[in-house]
Amino acid sequence: MGLEDRRKAARTGRDRHATMRDSHRRSARLVSSRPGGAARARASRAEGTTVEHRGEEVAEDPVYKIRHSLAHVLAQAVLELRPGSTLGFGPPIRDGFYYDFILSSPLTEEDFPELESRMRKIIAQNQRFEREDLEKDAAFERLDAMKEPYKREYAEELFAKHGIEKLSFFKNGPFLDMCEGPHVESTRQIPKAAFKLKSLAGAYWRGNSDNVMMTRIYAWAFGTREELDAYVKAYHDALARDHKKLGRELDLFVIDEVIGKGLPLWLPNGTVIRDELEKLIKELEFKDGYQRVSTPHLARAELYYQTGHLPYYAPHMFPFMELMELAENDAGELAAGDRVKEAYALRPMNCPHHHRIFASRMRSYRELPLRLAEYGQVYRFEDSGALSGLLRVRGMCMNDAHIYCTEDQIQAEFLKVMDLHRRVYEILGLTDYYMRFSTWDPDDPKGAEKYVPNPEAWERTQKLVRRAMEESGLPFVEGKGEAAFYGPKIDVQFRTVTGREETASTNQLDFAVPERLGLSYVGSDNQEHRPYVIHRAPLGTHERFTAFLIEHFGGAFPTWLAPVQVRVVPVGERFAEYGQKLVDELRGEMVRAELDDSSDTMGKKVRNAVTRKIPNIWVVGEREQSDGTITWRRYGRQDQETVPVAEARERVLAAIRTRSRE
RNA sequence: GCCCACGUAGCUCAGGUGGUAGAGCACUUCCUUGGUAAGGAAGAGGUCACGGGUUCGAGUCCCGUCGUGGGCUCCA
């Protein structure tokens, strides 16, 4: 495939994604925005900045009403400031609300004070929210008079596809909006000091990248000023834990534009964390019967035609490397000709390589489940606008493994995988996550493009995964329509310090690709059978997972993970030799220890060690040297103790061995 | 990829209305040998992201490119 073809494939691929995405966002919208009628309660996924799925209890929440009403107040203020603007959606969200506009002329964040003050004036006017339900014709007439084409587009859909009878409108003061409510009775019930405009953003109409880009204004809003202040303060405090900021301060990684965007360089300190995580998971996987393999970052492009991933993944792959056949040019010299001799691709995933290992010889049912694990480096051509620190990169290392098994083994294997997750999170002290059971949507009109067409297999595998999840006792929510194209998955969702939700881990049950690649094993019946494949990655990628850990620990890693585990600080130069001896002994035990033999003062040395968030500082001076002790200062603690060297060393070794949270 | 904002020394930032760059920390050298979060002095370090344009003159104004951030789409 030539570059231009690839680009074309990329474009179509992207278009297809957009369309598919739109279809499930549309169904989500309906739940939240349907005017009148009971909002259908639905398993809620913890929404970030998108729409809340509402149940009745949510709708009655006073803060929800305040946020909903504030959105109207904001829109009114925007229309005052930018007459002729048109409206998109303006729903309440987790910590406030937003509203989308097509602005008649641009706004900037510098306009926020002006907007906020207009909003307060509107609130002070004590405008009543009055509801009016209109039947179809009247509703369209109203919307045309309002000159709100986007609202009208949505209304048409509501009447046509969802069979609603009436459309509800809310009027407060001079502002009229098509909306399902509910709202406060009058603007006076909105606390004037409990909201704050947050940011300006672009957002596609209906979340579809084929549509126009609207301007979204995000705002925080709460029931009281105190809650708002506390929230905003917590938000700003959290920014100190941002992995990008700490990555720089603690020399963990850099992203160098000369190397390329989204291609992080791991510095020695960051590499320690990666290595420790690898050690951890290798131990756990070994105990669970995984075998390690090692495969190249490249493969012939042919491989991706075989797997059937290509149409799906082309937009996310780096361009193929094409080796041209040699040919004589006009000058009669041998040079690269027009014909592609061979094409290679940087791999965007590890599974095809592992599948080829499975296929490398005849397999017997006696070998199953076969668990092949690799820390596999992959490269994905992510949209430039999606890149973000270590959270979204173009070169990443996955904690990947593929479990080849029979249908009878799926349940037990899935349980083991989920238990592996549980153990990892427990060791790391991660509790702030939730699991999402991502299933196919048989009613999805775009289902033919989205899913492997095998309803029976979908039902069967989903049942197996669901049962495994229920047995694992891990709580999960269901994400209908979120499945991979080849099977259901379990995603683990985390939130970053800035509140953005990300998937840290994804586990998929694949009943389709083994078929495409013709994988098989010989059963006890001497017949060939198709294995199932479980794709799983408890630590996701090093890049993203480390980003979470940096933020989770605020850069203050427990001893076992810390880049420097012990820093020995001699009180004066005379004690450097004693300090060096301690360091040598620790390093002899594979402890990452170092001596601060700088000419800084005591206070400065301690400050330096604390600033680097080193978990253990051993201070040594006259007393320690003569007594064979150290004075131990732990990160984040003021109290300290003087301990015999042998005991101190043993305690550090134990903390490392047990991976204690200390 | 799209919308918006930003891009001054390694880092954090100053540099009204255009007149060819500053601070603190870090770094280097010297002095200080100190008991728990910054001892002192000197020094080095910037083609103000890059490329055009306007102007007698651009870090400062305009355009483009690249990069970063916040969102959207997508996703580990």
Side-chain angles (χ1 to χ4, degrees), chain A residues 10-11 13-15 17-22 25 48-50 98 100 103 106-110 198-218 242 244-245 248-249 251 254-258 260-262 315-316 348-349 378 380-393 396-400 482 484 491-492 494 498-500 502-507 535 537 539-545 547-548 569-576 599-611 617 619-624 631-633 638 640:
Chain A
R11 274 196 300 272
R14 231 173 241 131
D15 291 349
H17 281 298
T19 323
M20 294 187 307
R21 185 65 194 167
D22 180 46
R25 288 190 67 90
T49 49
T50 52
Y98 68 76
D100 291 342
L103 296 170
L107 283 168
T108 73
E109 296 191 14
E110 284 166 23
K198 184 191 171 201
S199 60
L200 218 50
Y204 296 110
W205 165 239
R206 310 295 302 272
N208 183 337
S209 55
D210 295 334
N211 291 343
V212 289
M213 179 64 72
M214 301 184 124
T215 303
R216 175 171 297 179
I217 298 176
Y218 279 106
D242 185 291
K244 297 184 288 294
K245 181 178 156 69
R248 227 184 354 261
E249 289 174 3
D251 287 323
V254 290
I255 297 178
D256 177 355
E257 67 172 280
V258 177
K261 53 186 168 184
H316 300 299
M349 65 206 100
V378 300
R380 296 183 180 177
F381 194 79
E382 298 293 339
D383 283 344
S384 61
L387 301 176
S388 176
L390 288 181
L391 288 170
R392 283 305 291 278
V393 292
M396 70 211 89
C397 184
M398 302 188 77
N399 167 216
D400 221 345
E482 303 277 339
D491 297 324
V492 184
F494 282 85
T498 50
R500 188 154 62 189
E502 296 278 2
T503 300
S505 157
T506 178
N507 306 284
H535 306 240
L539 298 185
T541 65
H542 279 317
E543 286 70 21
R544 186 178 286 179
F545 204 85
F548 281 122
V569 173
V571 161
E573 205 174 65
R574 289 188 293 136
F575 314 107
S599 62
D600 292 324
T601 56
M602 247 319 272
K604 187 60 178 292
K605 288 179 186 176
V606 169
R607 178 184 155 79
N608 283 341
V610 172
T611 308
I617 303 174
V619 177
V620 294
E622 185 70 54
R623 294 195 303 271
E624 289 80 3
T631 294
W632 198 334
R633 175 174 167 141
Q638 289 304 315
Q640 45 188 337

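All values below were derived from every heavy atom in this structure, side-chain atoms included, with hydrogens, water molecules and symmetry-related copies excluded. Order of the sequence lines fixes the chain letters, A, B, ..., with proteins taken first and strands second; residue numbering starts at 1 for each chain.
- For the residue pair A:Thr631/A:Arg623, the side-chain donor-acceptor check at 3.5 Å is not satisfied.
- The side chain of A:Arg206 places no N or O atom within less than 4.0 Å of a non-bridging phosphate oxygen (OP1 or OP2) of B:U73.
- For A:Tyr204 against B:G1, a side-chain-to-base donor-acceptor contact under 3.5 Å is present.
- In this structure, the side chain to side chain contact (heavy atoms under 4.5 Å, CB included) partners of A:Val393, at least two apart in sequence or on a different chain, are A:Pro264, A:Met396, A:Glu543.
- Take A:Arg607 and apply the salt bridge (charged side-chain N to carboxylate O under 4.0 Å, His left out) test, not counting sequence neighbours, and it matches no residue.
- Under the side chain to side chain contact (heavy atoms under 4.5 Å, CB included) criterion, A:Val571 pairs with A:Phe575, A:Met602, A:Val619, sequence neighbours left out.
- One donor-acceptor pair, N or O on each side, does fall under 3.5 Å between the base of B:G35 and the side chain of A:Glu624.
- Shown here are the side chain to side chain donor-acceptor pair (under 3.5 Å) partners of A:His542, two or more places apart in sequence or in another chain: A:Glu278.
- Summarising the geometry, the separation between CG on A:Leu103 and C1' on B:A5 is reported as 15 Å, rounded to the nearest angstrom.
- Checked against side chain to side chain contact (heavy atoms under 4.5 Å, CB included), A:Ser384 has the following partners two or more places apart in sequence or in another chain: A:Lys261, A:Arg394.
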Practice problem: At under 4.0 Å between heavy atoms, which parts of nucleotides 59-67 of chain B does protein reach? Answer with one letter per nucleotide, 5' to 3': B base, S sugar-phosphate only, - none. | Solution: -------SS
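- In this view, A:Asp256 satisfies the side chain to side chain donor-acceptor pair (under 3.5 Å) rule with no residue, not counting sequence neighbours.
- Listed by first residue number, the stems of RNA chain B with at least three Watson-Crick or G-U pairs below 3.5 Å are B:1-7 with B:66-72, B:10-13 with B:22-25, B:27-31 with B:39-43, B:49-53 with B:61-65.
- Partners of A:Lys245 by salt bridge (charged side-chain N to carboxylate O under 4.0 Å, His left out), not counting sequence neighbours, listed by chain and number: A:Glu249.
- An OP1 or OP2 oxygen of B:C4 is reached within less than 4.0 angstrom by no side-chain nitrogen or oxygen of A:Tyr218.
- Here B:G35 is the nucleotide among B:C11, B:C3, B:G35 with the atom lying nearest to any side-chain atom of A:Thr631.
- Looking at residues two or more places apart in sequence or on another chain, you find a side chain to side chain contact (heavy atoms under 4.5 Å, CB included) between A:Asp400 and A:Asn350, A:Met398, A:His402.
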Quiz item: What does nucleotides 37-50 of chain B look like as a protein-contact string, B for base, S for sugar-phosphate only, - for none, at under 4.0 angstrom between heavy atoms?
Solution: BBB-----------
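- Taking atom P on both nucleotides, B:U60 is separated from B:G19 by 11 Å, rounded to a whole Å.
- With sequence neighbours excluded, the residues that form a side chain to side chain donor-acceptor pair (under 3.5 Å) with A:Thr503 are A:Gln493.
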